[in-house]
Amino acid sequence: MQALKDKILSEGKVIGDDILKVDGFLNHQIDTKFLEEIGCEFKKRFEGCKVDKILTVEASGIAVACETARQFGSVPVVFAKKAKPNTIVEGCYSAEARSFTKGTVANLRVIKRFVSEGEKLLILDDFLASGEAAVALIRIAEKAGAEVVGFGAVIDKTFQGGRKRIEDMGVRVEALASIERFESGKPIFTNDN
Ligand code: 5GP
């Protein structure tokens, strides 16, 4: 998605060797007009796929998931919670994921009532790095007996291995911008999207 690559180049900031900050438009302040373009692009990429629900993880995946859900005819969005609040008093599906940015392990949880056997799920997140969050969401879908139609990331840092990990699980991956490496503080994109 060229508009996304342009926005990353003009507004993104590379931190250290492997972190890209896009908090000015994607995961702190949100450019809602641009978010609509992201939702439309995911709809285009997964055109022809039946999607009953979108599954994501709090917090940064939620906005992307909601906008994309609108493009799929306002299907529900379910987001996995990273901590167990007192309000969860019923059965959950859970799976562990090591946080790439925090270095901690979170137990992602989804109440069983919100993901059902046979449901077709599109899984989305803002970033795909090592694939920890994506794998945990896929495991949750598997535990529920739901079908994963694909995984979509707004930004994929291909060099961190997550994409291969998900594809090796037999799940289709679509990324709107894929970064091959960082060079002199700038992202270098792969040519395939
Ligand atoms: P993974 O689980 O694939 O290793 O990492 C994906 C998760 O970590 C995403 O949910 C995202 O919030 C966070 N993340 C990974 N890499 C980056 C990055 O370069 N920048 C930001 N802002 N978040 C990232």
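Given the structure is predicted, the values throughout are model-derived calculations rather than measurements.
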In the hydrophobic cluster built from side-chain contacts under 4.5 Å, what are the other members alongside Ile188?
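So far as hydrophobic clustering goes, Ile188 is joined with none.
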Lys164/Glu167 salt bridge by N-O under 4.0 Å criterion
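So Glu167 does not pair with Lys164 through a salt bridge.
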Does this structure show an ion pair linking Lys186 with Glu183, if we count only N-O contacts that are shorter than 4.0 Å?
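Glu183 and Lys186: not salt-bridged.
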Residue pair Ile140 / Ser94, side-chain heavy-atom distance below 4.5 Å:
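In short, these two side chains do not touch, never coming nearer than 4.5 Å.
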Does any non-hydrogen side-chain atom of Glu180 lie less than 4.5 Å from one of Thr158?
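Side chain of Thr158 against side chain of Glu180, heavy atoms only: no contact under 4.5 Å found.
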I'd like to know if the side chain of Arg45 reaches the main chain of Cys40, judged simply by a donor and an acceptor atom lying under 3.5 Å from each other, with no hydrogens or angles considered.
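Answer holds: no.
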Using the rule given for side chain to side chain contact (heavy atoms under 4.5 Å, CB included), can you reason through Ser178 versus Arg163, listing the C-alpha separation, both sets of side-chain angles and the distance that settles it, and then say yes or no?
CA-CA 10 Å; Ser178 291; Arg163 183 179 194 124; 3.5 Å; yes
What distance do Leu124 atom CG and Glu67 atom CD have between them, rounded to the nearest 0.5 Å?
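Rounded to the nearest 0.5 Å, the CG-CD separation comes to 11.5 Å.
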Set out, in order, the CA-CA distance, both residues' side-chain angles and the distance that settles side chain to side chain contact (heavy atoms under 4.5 Å, CB included) for Val22 and Leu20, then state yes or no.
CA-CA 6 Å; Val22 283; Leu20 176 68; 4.0 Å; yes
Of all residues at least two apart in sequence or in a different chain, which pass the side-chain hydrogen bond (donor to acceptor under 3.5 Å, both in side chains) check with [X]?
X     : result
Glu96 : none
Glu58 : none
Lys13 : none
Lys43 : Glu47

Review item, side-chain donor-acceptor pairs of residues 25-32, under 3.5 Å, at least two apart:
unit_1 : atom_1 : unit_2 : atom_2 : d
Asn27  : ND2    : Asp126 : OD2    : 3.1
Gln29  : NE2    : Gly24  : O      : 2.9
Asp31  : OD1    : Lys33  : N      : 3.3
Asp31  : OD1    : Phe34  : N      : 3.0
Asp31  : OD2    : Lys7   : NZ     : 3.0

Could you tabulate the donor-acceptor pairs under 3.5 Å formed by side-chain atoms of residues 101-112, not counting sequence neighbours?
none

Apply the side-chain contact (heavy atoms from CB on, under 4.5 Å) test between Ile166 and each candidate in Ile138, Leu137, Val148, Asp156; give the one that qualifies.
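The option that passes is Ile138.
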Pairs touching residues 90-110 that satisfy ring pair (Phe, Tyr, Trp, His ring centres under 6.0 Å), sequence neighbours left out
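Sorted pair list comes back empty.
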Ring pair (Phe, Tyr, Trp, His ring centres under 6.0 Å) pairs, two or more places apart, involving residues 128-173
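Those involving residues 128-173 are Phe159-Phe182.
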Donor-acceptor list for residues 114-123 side chains, cut-off 3.5 Å, not counting sequence neighbours:
unit_1 : atom_1 : unit_2 : atom_2 : d
Glu119 : OE1    : Ser116 : N      : 2.9
Glu119 : OE2    : Lys53  : NZ     : 3.2
Lys120 : NZ     : Glu147 : OE1    : 2.8

The criterion is salt bridge (Lys or Arg N to Asp or Glu O under 4.0 Å); which residues satisfy it with Glu132, sequence neighbours excluded?
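In terms of salt bridge (Lys or Arg N to Asp or Glu O under 4.0 Å), with neighbours along the sequence ignored, Glu132 is linked to Arg165.
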Residues two or more places apart in sequence or in another chain: which of them pass salt bridge (Lys or Arg N to Asp or Glu O under 4.0 Å) with Lys50?
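Here the qualifying residues are Asp52.
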